[in-house]
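Order of the sequence lines sets the chain letters (A, B, ...), proteins ahead of strands, with each chain counted from 1.
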2 protein chains.
Amino acid sequence: MARRAKLTDAPAIGLDERKATILEAVVNEHIDTAQPVGSSAIAANADVAVSSATVRSEMVALEREGYLAQPHTSAGRVPTDKGYRYFVDHLEAGVLGVAQQRQLGEFFAHVRGEVEDVLEQTATLLSQLTNYTSVVVGAGHSNATILSVQLVNLDARHHLLVTVFNDGTVTKHSVLANFEASHLDVAEASRQLNALLIGTSLDLTVQVPSRTDVVARLVRESVAVLHAEAPTLEGEQVYIGGSSRVAQVFDGVETVRQVLAILEQELLVVSLVEDVLGQGVSVAIGSEHGFEPLSSCAVIVAPVTLEGESVGAVGLLGPTRMKYREVMAAAEAVSAHLTQHFGGDHGG
Amino acid sequence: MARRAKLTDAPAIGLDERKATILEAVVNEHIDTAQPVGSSAIAANADVAVSSATVRSEMVALEREGYLAQPHTSAGRVPTDKGYRYFVDHLEAGVLGVAQQRQLGEFFAHVRGEVEDVLEQTATLLSQLTNYTSVVVGAGHSNATILSVQLVNLDARHHLLVTVFNDGTVTKHSVLANFEASHLDVAEASRQLNALLIGTSLDLTVQVPSRTDVVARLVRESVAVLHAEAPTLEGEQVYIGGSSRVAQVFDGVETVRQVLAILEQELLVVSLVEDVLGQGVSVAIGSEHGFEPLSSCAVIVAPVTLEGESVGAVGLLGPTRMKYREVMAAAEAVSAHLTQHFGGDHGG
DNA sequence: GGTTAGCACTCGGTAAAATCGAGTGCTAAC
DNA sequence: GTTAGCACTCGATTTTACCGAGTGCTAACC
């Protein structure tokens, strides 16, 4: 899946300056108006110092080369995915509006709490900032090691296995025994589990005692439960902000439904985001990502890193005619803030 | 907020049998077709043994009494909220289709894992079962007491406070110290925290040590963090299933947007559900719940109980013209299954 | 008195027709 | 190479006509 444009199938150099200017103007106009844009609208643009007739002939060329399309004869032009691609690749970085910068600063200055909470709130923030639906993905902890395990008994047969990992995640698992265990048994099992599991990661198999006393059975049961769930635990967390925006920015109930349906499936969302993810802000337009149902969407993704490693991503989902400059700036800014937030001394 | 109809403002007895039959037929027809229904369609109904002319005059009466409305002269009739209310109140309980019953049984026979996971999956199930958007609310644990507290150090200054409650919930909180603490300090703090907090609930204030040694400071800090978060922790969990259905069952992008926007706000959803909640399956139609933006919706809610006490609820959200019989049956069945699931020996 | 066939009337929805105009491509002049 | 001019296209919008589902009313009927 292409992350950045490969312009190799465009004639060598790409586009001469005037064509580029015109293409850019068309894209800008179309993003603004959502309408096919005609040659005269472009000719009126200050950056384009030629008449509409000239613009028209250039448009014919741009259409031939696949950057523009005509919904029908005698209509204006609409950018193709390729057109958007060119536009995005030649977009000089935008900057966030001051109001938004303030909001962002405000948010990260005051946000408190666990990673999960921060990510969730970030999703909402990002959506408010951009007016598009946002996606925030927190990395799974596939290679996290266990810091502490504790077995707590709810009653004689129900126990709760609480596991703390070195990446700060905490999991709980019910351990249901078909025998009764005393507080002391559970405490001892807890002790043994710690001895057994601390420092290991979930993909490691551990030697469990084969004795048949209550404590040993508790230990075995606990380890079994924990490892059985291992695959699930590695899953990334997904937070979606502003899903109602979908109904705002897409037209056509059916499109809205499809997009929402995709968003419901967290696994899909994760793979979509990871697919698009690259260094810096990446964009996938239309069919560039492999998701058919989202072929009328653009996805913008920025990584969140911790000590150089990607630990998550923030993304935005909108129609292909989205406000790339602003949105990319927002994604970048939020990603940077998050990176700093987690890299800094704020714990987590 | 009315949960059940108060028919007091209708003439004493309510409706005579024929009017009731006609009203029922109108509602059924309108639910099926989403169109205003005319007198002849009703007269064709086997249950109505009178001519369309008679039906018409009855309809005039029903309209005068507020059960039906006419979108415009010379159109058919549409049920009002009051009409739906009457319909629902006089609905004999529906039964679930066998396929659905099987699916339900299947699901609860195999579902595993923590309460949270079960509830989330239940939301999806309920949505699949009914083709409407579902809401599952798990009760907050306002009066839960602490079973165990554990302070785990991530590094010298970052610690994680993991708390287990007697209702099986587990919380974690970052404790960030501005001083360094050794493993031993943390272990000792953990021990003291246990001594201090076990058996208490979060609304209780506890006496914390005023000493200034590392351990005491850790303990103080931990208790502070835990109690600071207390209000948040009491919040109910909300799981929403099939939000894409919103785009299917409502018409008008704006309505879809509004409904989605409501669903995004978990607090709103909780209060909505709790507002509607009653004994058994409750229904709020149109403006019966106080939520203006949802005045074109019906909400169906069934409680989930544990040992007689309500510990949550399952709900469904659809247009006022939803398939009440089927959906109420589904809500009831799922609620019953959940109640049994948690009441039974399956742990949680 | 309640019920029903008959009928004139209403009025939104749909289809057909007319119109508009934004936008095009082409050509000829610059 | 650029541009003004112009005939032409074709979707969108408006207009008009029309249809018919449905109504309310009345007079006949049981």
Side-chain angles (χ1 to χ4, degrees), chain A residues 11 13 15-23 25-80 83 251-252 321, chain B residues 11 13 15-23 25-30 32-80 83 251-252:
Chain A
I13 286 260
L15 257 32
D16 66 54
E17 193 177 335
R18 195 169 67 186
K19 282 202 184 62
T21 311
I22 290 176
L23 175 55
V26 171
V27 173
N28 275 325
E29 186 74 11
H30 181 67
I31 287 175
D32 261 19
T33 63
Q35 299 290 325
V37 354
S39 54
S40 51
I42 299 304
N45 186 309
D47 293 347
V48 181
V50 291
S51 74
S52 67
T54 309
V55 171
R56 274 200 292 283
S57 64
E58 292 288 49
M59 279 174 144
V60 171
L62 283 167
E63 183 171 1
R64 193 176 42 236
E65 294 173 32
Y67 295 97
L68 294 179
Q70 226 174 349
H72 57 86
T73 347
S74 90
R77 269 27 180 247
V78 161
T80 60
D251 21 44
R321 49 167 282 275
Chain B
I13 285 252
L15 254 34
D16 66 54
E17 193 176 337
R18 194 169 70 185
K19 282 201 184 63
T21 311
I22 290 176
L23 175 56
V26 171
V27 174
N28 274 324
E29 186 74 12
H30 181 67
D32 262 18
T33 63
Q35 300 290 325
V37 354
S39 56
S40 51
I42 298 305
N45 187 311
D47 294 347
V48 182
V50 292
S51 74
S52 66
T54 310
V55 171
R56 272 200 294 284
S57 64
E58 292 289 49
M59 279 174 142
V60 171
L62 283 168
E63 183 170 0
R64 191 175 44 234
E65 294 172 32
Y67 294 98
L68 295 179
Q70 225 174 350
H72 58 85
T73 347
S74 90
R77 290 334 198 275
V78 161
T80 60
D251 20 46

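A salt bridge (Lys or Arg N to Asp or Glu O under 4.0 Å) with B/Glu58 is found for exactly one of B/Arg18, B/Arg77, B/Arg64, namely B/Arg18.
First and last contacting nucleotides of DNA chain C toward chain A (any atom under 4.0 angstrom from a heavy atom, 5' to 3' order): C/dG23 to C/dC26.
Residue-level contact check: A/Thr73 touches the backbone only, with heavy atoms under 4.0 Å from sugar-phosphate atoms and none from bases. Residue contacts for A/Ser39: at a heavy-atom cut-off of 4.0 Å it reaches the sugar-phosphate backbone alone, with no base atom in range. Here B/Ser40 lies in heavy-atom contact (under 4.0 Å) with sugar-phosphate atoms only.
If you take NZ on A/Lys19 and CD1 on A/Ile22, they are separated by 8.0 Å, rounding to the nearest 0.5 Å. Put simply, CG on A/Asn45 and CD on A/Glu29 are 8.0 Å apart, with the number rounded to the nearest 0.5 Å. In this structure, the separation between CZ on B/Arg56 and CD on B/Glu63 is 13.5 Å, given to the nearest 0.5 Å. Taking CG from A/Leu62 and CG from A/Leu68, the interatomic distance works out to 5.0 Å, rounded to the nearest 0.5 Å. Taking CD1 of B/Ile42 as the start and OG1 of B/Thr54 as the end, the distance is 13.5 Å to the nearest 0.5 Å.
Summarising the geometry of A/Ser51 relative to A/Ala43, their closest heavy-atom pair is C-CB, 3.9 Å, with the distance given to 0.1 Å.
Under a 3.5 Å cut-off, the side chain of B/Thr80 and the backbone N or O of B/Gly66 do form a donor-acceptor pair.
Taking 4.0 angstrom as the limit, A/Arg18 places a side-chain polar atom (N or O) nearer than this to OP1 or OP2 of D/dT2.
Comparing B/Val50 and B/His72, the nucleotide of DNA chain C nearest to each residue sits closer to the 5' end for B/Val50. Both A/Ala53 and A/Ala41 lie close to DNA chain C; mapped to their nearest nucleotides by heavy-atom distance, the more 5′-ward contact belongs to A/Ala41.
Between the two ends of the helix from C/dG1-D/dC30 to C/dC30-D/dG1, each summarised by a five-pair axis, the helix axis turns through 20° (rounded to 10 degrees).
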